[in-house]
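Heads up: the structure comes next, in structure tokens.
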Amino acid sequence: MNTQPTASHFIGGAYVEDKDGTPINVIYPATGETIATVYSATPAIIDQAIKAAQAAQKIWAAMSGTERGRVLRKAADIIRARNHELSVLETYDTGKPLQETLVADATSGADSIEYFGGLAGTLTGDHIPLGQSFAYTVREPLGVCVGIGAWNYPTQIACWKSAPALACGNAMIFKPSEMTPLCALKIAEIYMEAGAPAGLFNVVQGLGDVGASLVNEPRVDKVSLTGSVPTGKKVYAAAASQIKHVTMELGGKSPLIVFDDANIEDAISGAILGNFYSSGQICSNGTRVFVHKSIKEKFLARLKERTQTAIIGDPMDETTNFGPMVSKNQMEIAERYVAKGLEEGATLVYGGKRIERDGFYFEPTIFADVKDDMAIAREEIFGPVMCVLDFGSDDEVIARANDTEFGLAAGIFTNDLTRAHRVIGQLEAGSCWINAYNLTPVEIPFGGVKSSGVGRENSKAAVEHYSQLKTVYVEMGHMESQF
């Protein structure tokens, strides 16, 4: 595959280049090789993208919801038809195994676009009878939306942000992570092919200064960010200064609780999925695994056995199910946290080292005897490092699970459904699972509480974050006044 894009940016329905911007090398995580180069957006590129989005948004908003939905559903069909090609590109961009990208990236993006394409024609207001008079509401688009993506799911995030935005009649400028800039360009191509007006979905590349410029741009009406808590705080403050609409899906240090009556194999599957999928680089991961004391040793022994069966290798080989981390820096972060965990007295059950091969491979790692105040239990690592903590009572584990600034996700494994609902009801998290983990179908809202974000992605809930209501009061009688 030729991974070098035609140009760095996609604006107004065409590829655009400006080599005055800072060059950004795209590194294939499996080998460490440079596979493409793009250039960070200059002020001229940003201005061009905003003007293109403004023009396209007026055309798009004038179309009926049904017409907009037709374009979105066609885009979803194209993505599905090209799933293999898009998945290979995603693997080059992120290093994630092709076994994973074939089923979890472009396909989930297509699901999102199809869902909101079907919803677009249903976005109507309400009629409110008021005796002789009445009122009605109209759901209107916000205008130009900016999406700022993370590097772990570049195709999916581009679709998750653009699908509800476009369904509601907005235009979008999307800035991918500088580490994974390739995939969003293909989504831009596909929207154009599906019949979207030129400029409706634009892609601009860039470093942090480009994101800051877009967030602070007065012509932008909404910002949707997927990223870290520190970045989220900066974006939130900047957007607030101009009263912009904001959606933020930020980090987490989520609890996964395994009760003594749980199905051990299912619970271990949840822990593996919630810690080692995408080499642990998922914001909602359940990286604090609380296991009841009575089953702790059995759980750890079986977890180690199953982790040893991971197939680590070339991500383009479909038998590989554990690939490299996205970058050398991210691998070194994981390495430093492992060293800190050992310093603080946690027991290393498995892994903990770089894998001696080209690229940025790090072993799936399991710590036991982890205490709540250890750095590995409090700070988001964003790597394949699982912390196993033990507990005795329901009340104890609920209090400890909630003792964090984060609140993105939580999961529990138990065969007692009364306990399941009672405990989930007390966990401070936005996205929760019972006897499952990290499953995010488009039909359900996704997002966090506390420092893990504001707003929701996916489902009908996303419509509230990409549209606004106009209320119209209609007087059918005479207008009275005091004089």
Side-chain angles (χ1 to χ4, degrees), residues 53 57 60-61 63-69 71-73 76 108-109 111-128 135-149 156-174 200-201 215 220-227 232 235-236 238-240 242-250 252 283-284 407-409 428-432 440-473:
Q57 194 270 327
W60 184 246
M63 296 167 61
S64 71
T66 300
E67 291 171 319
R68 293 196 296 267
V71 172
L72 294 177
R73 293 194 304 276
S108 65
D111 287 347
S112 179
I113 294 173
E114 181 180 36
Y115 175 86
F116 285 102
L119 207 59
T122 72
L123 303 181
T124 57
D126 294 319
H127 173 268
I128 306 163
Y136 62 90
T137 59
V138 181
R139 188 166 291 281
E140 296 183 331
L142 302 176
V144 175
C145 301
V146 162
I148 301 177
Q156 182 191 79
I157 292 171
C159 295
W160 276 22
K161 294 191 184 304
S162 62
L166 303 190
C168 291
N170 304 288
M172 175 161 277
I173 300 168
F174 186 78
L200 189 69
F201 181 77
V215 171
V220 168
D221 302 288
K222 155 76 187 245
V223 178
S224 177
L225 166 75
T226 298
V235 170
Y236 208 1
Q242 297 182 33
I243 323 295
K244 295 184 194 293
H245 298 261
V246 177
T247 300
M248 294 196 298
E249 192 268 282
L250 307 177
C283 51
S284 56
L408 182 53
E428 297 166 356
S431 298
C432 300
T440 56
V442 66
E443 295 87 353
I444 65 175
F446 180 77
V449 299
K450 299 197 286 189
S451 291
S452 288
V454 293
R456 292 294 179 267
E457 295 191 291
N458 292 340
S459 82
K460 294 177 183 178
V463 170
E464 300 293 333
H465 302 294
Y466 284 97
S467 62
Q468 55 197 353
L469 281 179
K470 175 182 286 181
T471 301
V472 181
Y473 181 101

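Atom CD1 of Ile148 and atom NZ of Lys161 lie 8.5 Å apart (nearest 0.5 Å). Once rounded to the nearest 0.5 Å, the distance linking NZ of Lys470 with OH of Tyr136 reads 8.5 Å. Asp221 contributes atom CG, which lies 13.0 Å from atom CD1 of Ile243 (distance to the nearest 0.5 angstrom). Expressed to the nearest 0.5 Å, how far CG of Asn170 lies from OG of Ser467 amounts to 8.0 Å. The line from CD of Gln156 to OG1 of Thr226 is 9.0 Å long, rounded to the nearest 0.5 Å.
Within the 4.5 Å cutoff, no side-chain heavy atoms of Leu123 are placed close to those of Tyr466. A heavy-atom distance below 4.5 Å is found between the side chains of Leu225 and Leu250. Side-chain contact check for Phe174 versus Ile157: some heavy-atom pair is nearer than 4.5 Å. Between Lys222 and Thr247 there is a side-chain heavy-atom pair separated by less than 4.5 Å.
With a 6.0 Å radius and a threshold of 12 heavy atoms from other residues, nucleotides or ligands, Tyr236 has its OH atom at or below the threshold. Enclosure of atom NZ in Lys450 by more than 12 non-hydrogen atoms of other residues, nucleotides or ligands within 6.0 angstrom is indicated.
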For side chain to side chain contact (heavy atoms under 4.5 Å, CB included), just list the numbers for Arg139 and Leu469, CA-CA rounded to whole Å, side-chain angles, deciding distance to a tenth of an Å, and then say yes or no. CA-CA 5 Å; Arg139 188 166 291 281; Leu469 281 179; 3.8 Å; yes
Does the pair Ser108 and Val442 meet the rule for a side chain to side chain contact (heavy atoms under 4.5 Å, CB included), with working shown? CA-CA 8 Å; Ser108 65; Val442 66; over 6 Å; no
Hey, mind stepping through Leu166 and Arg68 against side chain to side chain contact (heavy atoms under 4.5 Å, CB included) and telling me if it holds? CA-CA 8 Å; Leu166 303 190; Arg68 293 196 296 267; over 6 Å; no
Could you go through Cys145 and His245, starting from their C-alpha distance and side-chain angles, then the distance that decides it, and tell me whether this counts as side chain to side chain contact (heavy atoms under 4.5 Å, CB included)? CA-CA 9 Å; Cys145 301; His245 298 261; over 6 Å; no
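In terms of modelled atom types and a separation under 3.5 Å, the side chain of Glu457 and the main chain of Ala462 share no donor-acceptor contact.
The two residues Ile444 and Asn458 make their nearest non-hydrogen contact at O-CB, 3.5 Å. Of all heavy-atom pairs between Phe446 and Ser431, the closest is CD1-OG, 3.4 Å.
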